[in-house]
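The next block holds one structure in the form of structure tokens; read it before the comments.
Any value given below was found using the heavy atoms of this structure, including those in side chains, with hydrogens, waters and symmetry copies removed. First the proteins, then the strands, lettered A, B, ... as listed; each starts at 1.
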Amino acid sequence: MKKNKLIKIYNKLLDHFGRQYWWPADTPFEVMVGAILTQQTSWTNVEKAIAELKKERLLSPRKILRTPASKLHKIIRSSGYYKQKEKKLKIFCRFLINIDRASITRTQLLSLWGIGRETADSILLYALGKPIFVVDAYTIRIGERVGLFKAEGYEHVREYFESNLPRRLTLYKEYHALLVELGKNYCKPKPLCDSCPINRLCQFCEVR
DNA sequence: ACCCAGGTGGCCC
DNA sequence: GGGCCACATGGG
């Protein structure tokens with residue numbers, strides 16, 4: 001595959017931020033829990049909730065299922081939307097204990113209440129090792145500003161990345177992680193272009 | 001006091 | 001298919 005714009009951006013990000021070694025977790029199940037808890041929530045808030053789950057020795061599907069809702073609410077409170085997320089965790093754990101993890105499909109995950117596209121794909125890529133490119137709000141925002149696509153939906157963006165990148169797990173994992181890093185630090189709703197590592201590719205930066 | 005965060009489901013048209 | 005809303009905590 002010849003060197004395309006996607007690879008150029010990747011190399012810039014890698015030079016600037018270095019390897020990310022995503023997803024940060026001790027076990028695949030911790031990845032899955034984190035993927036649910038981080039929905040529309042900053043990771044620092046999720047870390048606190050996961051630390052609480054570990055402290056209570058609850059980081060297993062059966063133990064979460066045995067924990068009363070009110071207790072789980074307190075434990076994961078810092079991750080926000082804690083009533084919804086308690087339900088989402090229980091529904092997901094119930095699904096998980098009755099299945100061979102290697103056989104889990106995207107369609108199965110998407111059929112669960114509380115598991116949308118980004119959460120399903122994060123679980124597939126980072127917990128189950130399937131080559132699915134994870135798209136999030138940053139990916140779409142950055143892609144639009146850089147001029148890769150315009151107002152595309154989730155599936156189109158995912159296909160765009162998957163069809164223009166070699167199908168490699170570590171590349172998918174690190175690319176998504178680097179886009180999050182760029183998004184958190186620079187590519188916010190109000191762009192901070194001054195020291196953005198991909199300036200000259202982003203139309204906002206070129207305007208300045 | 002705002003604005004933002006590694007979304008999702010339910011509703012409406 | 002897209003647009004709007006509720007959901008909730010914590011940090012800048």
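- At whole-Å resolution of the value, CG in A:Asp136 and C1' in B:dG7 are 10 Å apart.
- Nearest nucleotide to the A:Arg141 side chain, out of C:dT9, C:dA8, B:dA5: B:dA5.
- Set against C:dT9, B:dA5, B:dT8, the side chain of A:Arg77 has C:dT9 as its closest nucleotide.
- As judged by a 4.0 angstrom heavy-atom cut-off over every strand, A:Gln39 is placed among residues touching the sugar-phosphate backbone only.
- If you measure from atom CG of A:Leu110 to atom P of B:dG7, you get 16 Å, rounded to the nearest angstrom.
- When only modelled atom types and interatomic distance are considered, A:Gln39 and A:Lys88 share a side-chain donor-acceptor pair under 3.5 Å.
- Across all strands, A:Lys188 comes closer than 4.0 Å to no nucleic acid atom at all (heavy-atom distances).
- Put simply, A:Thr38 has no side-chain N or O that comes within less than 4.0 Å of OP1 or OP2 on B:dA5.
- Here A:Trp113 reaches the OP1 or OP2 of B:dG10: one of its side-chain N or O atoms lies under 4.0 Å away.
- Counting to the nearest Å, the C1' atom of C:dG2 and the OH atom of A:Tyr154 are 18 Å from each other.
- In this structure, A:Glu118 reaches the sugar-phosphate backbone alone: every heavy-atom distance under 4.0 Å involves primed, P, OP1 or OP2 atoms, never a base.
- A:Lys83 and A:Glu86 are not joined by a salt bridge, as no carboxylate oxygen comes within less than 4.0 angstrom of a charged side-chain nitrogen.
- Among the heavy atoms of the strands lying under 4.0 Å from A:Leu112 are primed sugar atoms or P, OP1, OP2 only; no base atom is included.
- Between A:Thr119 and A:Met32 there is no side-chain heavy-atom pair separated by less than 4.5 Å.
- Between A:Lys74 and C:dT9 there is no side-chain N or O to OP1 or OP2 distance below 4.0 Å.
- Heavy atoms of A:Ala137 sit under 4.0 angstrom from primed sugar atoms or phosphate atoms, though from no base atom.
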* After noting the C-alpha distance and the side-chain angles of A:Glu174 and A:Arg19, does the key distance pass the salt bridge (charged side-chain N to carboxylate O under 4.0 Å, His left out) rule? -> CA-CA 7 Å; A:Glu174 289 299 297; A:Arg19 280 285 295 274; 3.5 Å; yes
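- Between A:Tyr126 and A:Ile115, the residue whose closest nucleotide on DNA chain B is further toward the 5' end is A:Tyr126.
- Note: CD1 (A:Ile140) to P (B:dA5) measures 13 Å, nearest angstrom.
- For the P atoms, the distance from C:dG10 to B:dT8 is 22 Å, rounded to whole Å.
- Between A:Arg117 and B:dG9, a side-chain N or O to OP1/OP2 separation shorter than 4.0 Å is absent.
- Of the two residues contacting DNA chain C, namely A:Gln40 and A:Lys48, the nearest-nucleotide position lying further toward the 5' end is that of A:Gln40.
- Residue A:Gly80 is in base contact, counting any heavy-atom pair closer than 4.0 Å across all strands shown.
- Set against B:dC4, C:dC7, C:dT9, the side chain of A:Tyr81 has C:dC7 as its closest nucleotide.
- For the pair A:Arg141 and A:Tyr138, the NZ or CZ position fails the cation-pi test of under 6.0 Å to the six-membered ring centre and within 45 degrees of the ring normal.
- Atom pair A:Trp43:CH2 and B:dG7:P shows a separation of 12 Å (rounding to whole Å applied).
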